[in-house]
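A, B, ... follow the sequence lines: proteins, then strands. Residue 1 opens every chain.
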Amino acid sequence: MYKTHSCGELRSEHAGQMVELAGWVHRQRDHGGVTFIDLRDRYGIVQVVADPARPEVGAIQEARAEWVLKIAGIVRRRPAGAENPNMATGQIEIEATSVQVLNQARPLPFLVNKDEDTDEALRLKYRYLDLRRERMQNNMILRHHVVKFIRDYLSERGFLEIETPMLFKTTPEGARDYLVPSRLQPGMFYALPQSPQQLKQLLMVSGFDRYFQIARCLRDEDLRGDRQPEFTQLDLEMSFVERDDVLQLVEGLFTKMVKDILPQKRLLASPWPCLTYAEAVERYGSDKPDLRFGMELYGLNEIFAHTDFMVFQNVIKSGGVIKCIVAPGCAEYTRKEVDDLTTFAREQGAKGLATLALAADGVKGTAQKFIKPEDVSAIQARTGAKTGDLVLFIADSKAVANKTLSALRLLFRDRLGLADPDVLAFAWVVDFPMFEYNAEDQKWDAAHHPFTMPKMEDLPKFETDPAQILSDAYDMVLNGYETASGSIRIHRSDIQQKVFQLLGLKDEEIQSKFGHMIEAFQFGAPPHGGMAPGIDRLLMIFAGEPNIREVIAFPKNQAGRDLMADAPSPASERQLNELQIKLDLKKAEEPK
RNA sequence: GGUCCCGUGGUGUAGCGGUUGAACAUGCGGCCCUGUCAAGGCCGAGAUCGCGGGUUCGAAUCCCGUCGGGGCCGCCA
């Protein structure tokens, strides 16, 4: 070993000990006759001091930031008055007896001893340096603690961790698959798993009634701040359980996790709130509401039932809704600020935005002249809007009104600082619809996935009104993010057939794509269900990071590229030949 | 596929039509300095303002295109 101790562990009680340390030069302070180095490893930082005139420690003066040193020396209490209360090791220092340079370092492309904003492309290109920063080290350490907690918690409760294949089968439903060509079966393709969904259900058929896996999932869709093409889920599944058994287990897991490893965070409520999908969408316009603040949506169709305002009238006539939110203290918004909100609303799909400003010197706003004074009073009574507030109306289809007002609600959350960053507002959203109609393809899609159990009492609606069928699907939401999704699964092959048929799959297709599932369910499949919390997204929220990349060691950028290794990259002629693949690139650029 | 924003020494920013021979901080190099901890002092090097084209007497600054990066919509069972 190069070292007897870590840089972070030394304290007053080590005083007098001979120690050896190895680490990176965090900072160097050269005073001529005495030179200090802050030596860093992942456990912390300790001050090393030496007189560079002595040859055996002379290297302390040559050393530059991020050089790798081995230090031998004596731990001693710092002289009175020279202690540093801001450092964990600030009571002591190492009086070096030997300073050995293990490796030099070129000046870095950016400073790692400072948490300075740096172009993210540069950070990603030199990710291994970026990961030296305290912020990223902390994120990786937190990630380890979270995953370890999960493994311990579930193991103690009888869960088995079982691995499932990365090379599996493409499925017609859901996200776009990453395909992997087969060399041994030319022209055939594996798919990388979007999740181990089918495999974990088959493990239930095998009798592993409590399974989990820290599973990598891959989806070839466009990226977002909270979405990477490969991400990690806690995949778990249980047999002989009902919905609330799964919810209780997961709620218990995260409640204890927060208590044990996130002491700086507070749960909004325990037990967690539970909303139905319908309720969440009605009150917050979203199936993943941020419950850390109010600012709920209000439906105003009754108040405007007999309005003269043509825009509102027409929307009501055509079956749409008029809903509003109240932005507290925003009545004095300027024309430009309101225009910007309107632009924002349009970007979300709304046709426009009407406002009512309850200013101190009277009611103003774009809708003022269309809204009767008694209706203003009715709106205030309904929403609690006070003088000084700005009421924002969207008149549109239910879906557009909800989506737009939900986006506006989050805009005001950030603008007005309405949400406490130290609060974790976990909540359940349950009773999702089973199917959604896909107008573009004129067919029904599974809202969650096709293995989700419809509510038994809704089974007759398969023939009459699929839109009204609810399912035993549920989401865990946290601070406005969907952080887990799950369901009770279908374990009867007849119901599974029915679902596939409604989704428009032909019998041959069902057989070729999902025959193994249907068949498995005929060999004694137990009732089962589970869910899959997204580890990266949870960590992003736990760490207070603005995007998911900050909690992933080597993430992709928005274009799905790894800027460090420069992936993806072209395959060689030979590789393609072995796979019997010919490229047919439509867009000009040939790979070089 | 669409849309918006960003791109100035190694890094982070300022400058946004002409006293700017592009400024400041930090980093880098040299010298001085025995107690600092974002050490300090002095000196120095370092950017043709992502790239290409245009407008103009004059462009880092305005316009168009392009490349790179980010946010959002679509997409994400």
Side-chain angles (χ1 to χ4, degrees), chain A residues 26-39 45-53 61 64-66 78-87 89-90 93 95 106-126 129 171-177 194-195 197-198 217-229 231 340 343-350 400 403-404 407 410-411 414 432 434-436 438 440 444-452 471 473 482 485 487 499-500 503 505 514 532 534 546-547 549 557-559 561 563 589:
Chain A
H26 193 63
R27 287 202 177 85
Q28 189 230 40
R29 293 178 294 279
D30 181 1
H31 288 239
V34 61
T35 298
F36 301 95
I37 274 182
D38 291 338
L39 195 70
I45 294 174
V46 68
Q47 174 166 285
V48 179
V49 61
D51 174 359
Q61 202 165 33
R64 293 292 176 268
E66 302 304 312
R78 293 195 186 187
E83 303 90 350
N84 185 345
N86 301 319
M87 285 175 80
T89 60
E93 62 191 1
E95 184 183 13
R106 289 160 51 193
L108 269 51
F110 49 82
L111 303 178
V112 301
N113 59 13
K114 250 188 180 179
D115 186 23
E116 177 177 62
D117 276 345
T118 307
D119 178 41
E120 201 182 343
L122 195 69
R123 291 176 57 203
L124 291 176
K125 178 172 180 188
Y126 297 99
L129 297 179
T171 50
E173 295 284 314
R176 191 177 293 114
D177 283 320
Q194 297 174 27
S195 81
Q197 183 60 37
Q198 296 184 35
C217 304
L218 299 108
R219 298 178 188 175
D220 187 6
E221 296 291 349
D222 286 358
L223 287 77
R224 282 290 192 288
D226 64 348
R227 270 170 25 198
Q228 282 275 305
F231 58 100
D340 289 347
T343 304
F344 179 83
R346 290 215 171 96
E347 283 165 5
Q348 299 295 320
V400 169
K403 172 169 177 291
T404 306
L410 297 181
L411 180 80
D414 297 336
F432 277 77
M434 181 74 195
F435 301 104
E436 285 165 354
N438 181 335
E440 193 186 333
W444 291 98
D445 286 342
H448 182 52
H449 59 56
F451 310 107
T452 301
S471 70
E482 177 196 317
S485 201
S487 61
V499 170
F500 284 141
L503 292 174
L505 292 168
F514 296 112
N547 69 65
R549 298 181 295 277
N557 74 359
Q558 194 174 45
R561 293 212 300 155
L563 295 176
E589 303 134 59

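One atom, CZ of A:Arg64, and another, C1' of B:rG29, lie 9 Å apart when rounded to the nearest Å. The CD-C1' distance, from A:Gln61 to B:rU34, rounds to 12 Å in whole Å.
Within the structure, every side-chain polar atom (N or O) of A:Asn84 is placed at least 4.0 Å from both OP1 and OP2 of B:rC37. At the phosphate of B:rG74, neither OP1 nor OP2 sits under 4.0 Å from any side-chain N or O atom of A:Arg224. Remark: A:Arg549 is in phosphate contact with B:rG71, judged by side-chain N or O atoms under 4.0 Å from OP1 or OP2. A:Arg176 has no side-chain polar atom (N or O) that falls below the 4.0 Å cut-off from OP1 or OP2 of B:rC75.
Using Watson-Crick or G-U wobble geometry with both donor-acceptor distances under 3.5 Å, B:rG65 finds its partner in B:rC51. B:rG58 is unpaired under the criterion used here, namely a Watson-Crick or G-U wobble arrangement in which both key atom distances are under 3.5 Å. Applying the Watson-Crick and G-U wobble criteria (two distances, each under 3.5 Å), B:rC42 pairs with B:rG30.
Using a 5.5 Å limit on the distance between ring centres and a 30° limit on the angle between planes, the aromatic ring of A:Phe110 does not count as stacked on the six-membered base ring of B:rU11. Lacking a ring centre under 5.5 Å from that of the base six-membered ring together with a plane angle below 30°, A:His31 does not count as stacked on B:rG40.
Checked against B:rG70, B:rU11, B:rC37, the side chain of A:Met87 finds its nearest nucleotide in B:rC37.
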